[in-house]
> 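Before anything else, here's the structure in question.
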Amino acid sequence: MRRLIESYNPLKDAIGNRTRLYHDLNIYGDEAAELLSRFSELYGVDLSKFRFNDYFPNEGDWILPSILRLITLKPSKTYKELTVENLEKAIEAGYLE
């Protein structure tokens, strides 16, 4: 499973149990969706209840939303952490929520 994550790791950082896909490895958007899809296929993990947008931002334009947040003084969205350990537990359970 770690080899799969390493293939999507643009920073080529070391990967441990506590490594977070978005926060530490900067995997998000299409790459995160593709990684999780491949993960699901390879390990038979059900992702039907996984809320992708709670864990990863979309790729799209980030400049305009950043400017709007500055103007409206709204804080940026925070994303939940998805770790290697979470994925390992999902393999054992057969699903990821």
Side-chain angles (χ1 to χ4, degrees):
M1 194 244 331
R2 290 177 194 249
R3 281 194 176 160
L4 174 65
I5 296 170
E6 287 171 356
S7 69
Y8 289 90
N9 180 1
L11 304 176
K12 302 302 178 204
D13 288 344
I15 296 174
N17 285 344
R18 297 276 187 205
T19 302
R20 303 167 298 174
L21 276 82
Y22 170 58
H23 299 89
D24 297 328
L25 301 179
N26 203 32
I27 299 172
Y28 64 95
D30 293 342
E31 285 78 24
E34 187 177 313
L35 185 155
L36 289 176
S37 175
R38 187 78 179 120
F39 169 77
S40 175
E41 291 171 10
L42 287 172
Y43 299 101
V45 175
D46 178 12
L47 300 178
S48 62
K49 294 183 181 179
F50 181 72
R51 298 180 59 125
F52 183 86
N53 292 329
D54 288 350
Y55 294 87
F56 301 100
N58 291 319
E59 285 190 26
D61 179 21
W62 59 270
I63 295 173
L64 182 59
S66 296
I67 293 170
L68 290 174
R69 274 194 302 276
L70 284 173
I71 293 170
T72 62
L73 301 175
K74 287 185 178 179
S76 15
K77 180 176 178 179
T78 56
Y79 294 93
K80 294 179 180 179
E81 298 177 352
L82 182 62
T83 66
V84 171
E85 184 176 34
N86 297 137
L87 296 179
E88 289 172 346
K89 288 179 180 179
I91 292 171
E92 292 173 15
Y95 65 92
L96 180 63
E97 287 188 37

> Does any part of the side chain of L21, heavy atoms only, come nearer than 4.5 Å to the side chain of F56, both counted from C-beta?
yes

> If the condition is side-chain hydrogen bond (donor to acceptor under 3.5 Å, both in side chains), which residues does D54 pass it with, not counting sequence neighbours?
R51

> Tell me, do L87 and L36 make a side-chain contact under 4.5 Å, heavy atoms counted?
yes

> Grab the two heavy atoms, one from V45 and one from A90, that are nearest each other, plus how far apart they are.
CG2-O, 3.8 Å

> Does R18 have any side-chain hydrogen bond (donor to acceptor under 3.5 Å, both in side chains) partners at least two apart in sequence or in another chain, and if so, which?
E85

> When clusters are formed by joining ILVMFWY residues with side-chain heavy atoms under 4.5 Å apart, either directly or through shared neighbours, do I5 and L82 land in the same one?
yes

> Identify, with sequence neighbours excluded, every residue that meets side-chain hydrogen bond (donor to acceptor under 3.5 Å, both in side chains) alongside E6.
none

> Of all the heavy-atom pairs spanning E88 and M1, show the shortest one and how long it is.
CG-CE, 3.2 Å

> Please name the pair of heavy atoms, one in Y79 and one in P57, separated by the smallest distance, quoted to 0.1 Å.
OH-CB, 3.3 Å

> Does a sphere of radius 6.0 Å around OH in Y95 hold more than 12 heavy atoms from other residues, nucleotides or ligands, not counting ones at 6.0 Å or beyond?
no

> If you round to the nearest 0.5 Å, how far is CG of D46 from CD of E97?
8.5 Å

> How long is the straight-line distance from CD1 of I15 back to CG of D24, given to the nearest 0.5 Å?
10.0 Å

> Please round to the nearest 0.5 Å and tell me the distance separating atom CG of L96 and atom CG of L47.
6.0 Å

> Judged by atom type as modelled, is there a donor-acceptor pair below 3.5 Å linking the side chain of R38 to the main-chain atoms of L4?
no

> Just to verify, what does E92 make a salt bridge (charged side-chain N to carboxylate O under 4.0 Å, His left out) with, not counting sequence neighbours?
none

> Drop me the distance from H23's NE2 to Y55's OH, to the nearest 0.5 angstrom.
11.0 Å

> If you define the side chain from C-beta out and look only at heavy atoms, does anything of R20 sit under 4.5 Å from I27?
no

> Sequence neighbours excluded, which residues qualify as side-chain hydrogen bond (donor to acceptor under 3.5 Å, both in side chains) partners of N86?
T83

> If the condition is ring pair (Phe, Tyr, Trp, His ring centres under 6.0 Å), which residues does F39 pass it with, not counting sequence neighbours?
Y43

